[in-house]
Structure formats: C-alpha cells, structure tokens
Amino acid sequence: IINAVVLLILLSALADPDQYYFSSSELGGDIEFMDDAKMCITIAISLLIFLICAMATYGAYKQHASWIIPFFCYQIFDFALNTLVAVTMLVYPNSIQEFIRQLPPNFPYRDDIMSVSPTCLVLIIFLFIIIILLTKGYLINCVWNCYRYINGRNSSDVLVYASSNDTT
C-alpha cells in the first residue's frame with residue numbers, strides 16, 4: 001500500500017512538475033533537484049517493488065511458494081543495506097552531526113537535535129536502527145516460515161496417517 005501511494009505521488013509529480021517546485025530559498029541552500037530521469041528511475045523502482053509485493057501476496061493467497069521468493073530476496077537485500085547503515089554509523093559517528101548541519105535552517109527541531117551531545121545522538125539513532133533491524137529480521141522469519149509451510153503443504157513427500165479406534 002505504501003509503495004502504491006509513493007508511486008501515485010511520483011506519477012503526479014512527473015505529470016505536473018510545477019506543482020512540486022520549490023525555489024532554492026525555500027529549500028535553504030544547495031540541494032540537488034530531482035530531474036525527469038531520476039524521477040523515471042524512482043518510478044521504475046517503485047513499480048518493481050510494488051510488483052514484488054503483489055507477487056508475494058498472490059503467492060501466499062494461492063499457496064504458490066515460488067511466488068514468495070522474490071519478496072524474500074528483496075527483504076534480505078533490504079536487511080543487508082540497513083545493516084550497512086548501522087555499521088557505517090558506528091564507524092563514522094560524526095557523519096550524523098554533519099548530516100544535521102546540512103539540513104535547512106527551518107527544519108523542525110534542527111537546533112534541538114544539534115544541542116544533543118554527539119555520543120547520545122549516535123546511541124539514540126543506533127538503538128532506533130537496531131529496533132528496525134530486529135523488526136525486519138522478524139518479518140524475514142515470517143516470510144520464510146510461510147514459504148516453508150506452503151512448500152511442505154504442496155509437497156508429495158508428506159505422508160498422512162489416518163488413525164482410528166478400529167483395531168481390525
């Protein structure tokens with residue numbers, strides 16, 4: 001659903017670019033603008049992710065295990081990228097302060113965030129990323145268990161024994 005909403009916003013922005021135009025003074029400095037080529041690439045990626053999610057939903061509904069694999073691979077890739085973000089943040093903790101300094105001056109709570117000690121800020125963000133990674137790991141486990149369940153259910157190797165009280 002989130003991918004569909006993002007896709008609709010991107011398509012409307014591509015159809016009417018003047019609707020989402022902000023001057024450099026409104027954005028507060030040197031910010032690279034998104035041109036039509038970047039917008040088309042973003043739309044293509046959003047379409048692909050939406051298709052992968054739809055395939056996983058269809059595969060779970062119709063109990064076709066092979067339709068779930070692309071979504072599982074996407075989740076593993078997303079988990080790996082988020083893990084790299086966490087490692088990068090630990091290796092370069094000053095990059096967070098630098099990123100906050102580059103935000104526009106009218107960004108909400110920018111000054112409050114800048115007043116927090118860098119160590120505390122890194123710890124808060126790292127804990128937030130750990131919570132996100134744990135959630136993503138749990139969801140990966142859910143998709144894997146769904147895949148295994150469907151694969152086992154559709155497998156002809158499963159033997160079914162009927163039990164009754166009839167001893168003859």
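Treat the numbers as computed from the prediction; the structure is a model and nothing was measured.
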Would you list the pairs meeting side-chain hydrogen bond (donor to acceptor under 3.5 Å, both in side chains) in which at least one residue belongs to residues 115-132, sequence neighbours left out?
none
Can you tell me how far CG of N151 sits from NE2 of H64, rounded to the nearest 0.5 angstrom?
12.5 Å
Do I96 and P118 have side chains that get closer than 4.5 Å, going by heavy atoms?
no
Please, which pairs that meet side-chain hydrogen bond (donor to acceptor under 3.5 Å, both in side chains) have at least one residue in residues 52-61, sequence neighbours excluded?
none
By side chain to side chain contact (heavy atoms under 4.5 Å, CB included), which residues pair with I69, not counting sequence neighbours?
C73, Y147
Connected hydrophobic set around L127, excluding itself, where side chains approach under 4.5 Å
L123
Interatomic spacing from NZ in K62 to CH2 in W67 - rounded to 0.5 Å:
11.0 Å
Residue pairs passing the side-chain hydrogen bond (donor to acceptor under 3.5 Å, both in side chains) test with at least one member in residues 75-90, sequence neighbours excluded, are D78-N82, D78-K136
Cluster question for you: counting only ILVMFWY and a side-chain heavy-atom cut-off of under 4.5 Å, with indirect links fine, are M55 and I49 together?
no
Test side chain to side chain contact (heavy atoms under 4.5 Å, CB included) applied to A86 - qualifying residues, sequence neighbours left out:
F126, I129, L133
I'd like to check the side chain to side chain contact (heavy atoms under 4.5 Å, CB included) partners of P93; sequence neighbours left out, ordered by chain and number.
V122
Check ring-ring contact (aromatic ring centres under 6.0 Å, His included) between F72 and all other residues, then give those that pass, not counting sequence neighbours.
W144
Suppose clustering is done on Ile, Leu, Val, Met, Phe, Trp and Tyr with side-chain heavy atoms closer than 4.5 Å. Which residues sit in the same group as L139?
Y138
Can you measure from CG (L48) to CD1 (I45) and round to the nearest 0.5 angstrom?
8.0 Å
I'd like to know if L134 and L90 are part of one continuous hydrophobic network [Ile/Leu/Val/Met/Phe/Trp/Tyr, side-chain heavy atoms within less than 4.5 Å].
yes
Measuring only between side-chain heavy atoms, which start at C-beta, is N94 closer than 4.5 Å to E98?
no
Listed once per pair and sorted, the salt bridge (charged side-chain N to carboxylate O under 4.0 Å, His left out) pairs that draw on residues 106-127, sequence neighbours left out:
none
For the CD1 atom of I132 and the CZ atom of F79, what is their distance to the nearest 0.5 Å?
11.5 Å
Working to the nearest 0.5 angstrom, can you tell me the gap between I52 CD1 and Y74 OH?
8.0 Å
Nearest-0.5 Å distance that lies between atom CD1 in I124 and atom CD1 in I113:
9.5 Å
Please go through V91's hydrophobic cluster and name the other residues, only I, L, V, M, F, W, Y counting, with side-chain heavy atoms under 4.5 Å joining them.
V87, Y92
Of all residues at least two apart in sequence or in a different chain, which pass the side chain to side chain contact (heavy atoms under 4.5 Å, CB included) check with V116?
C120, L121
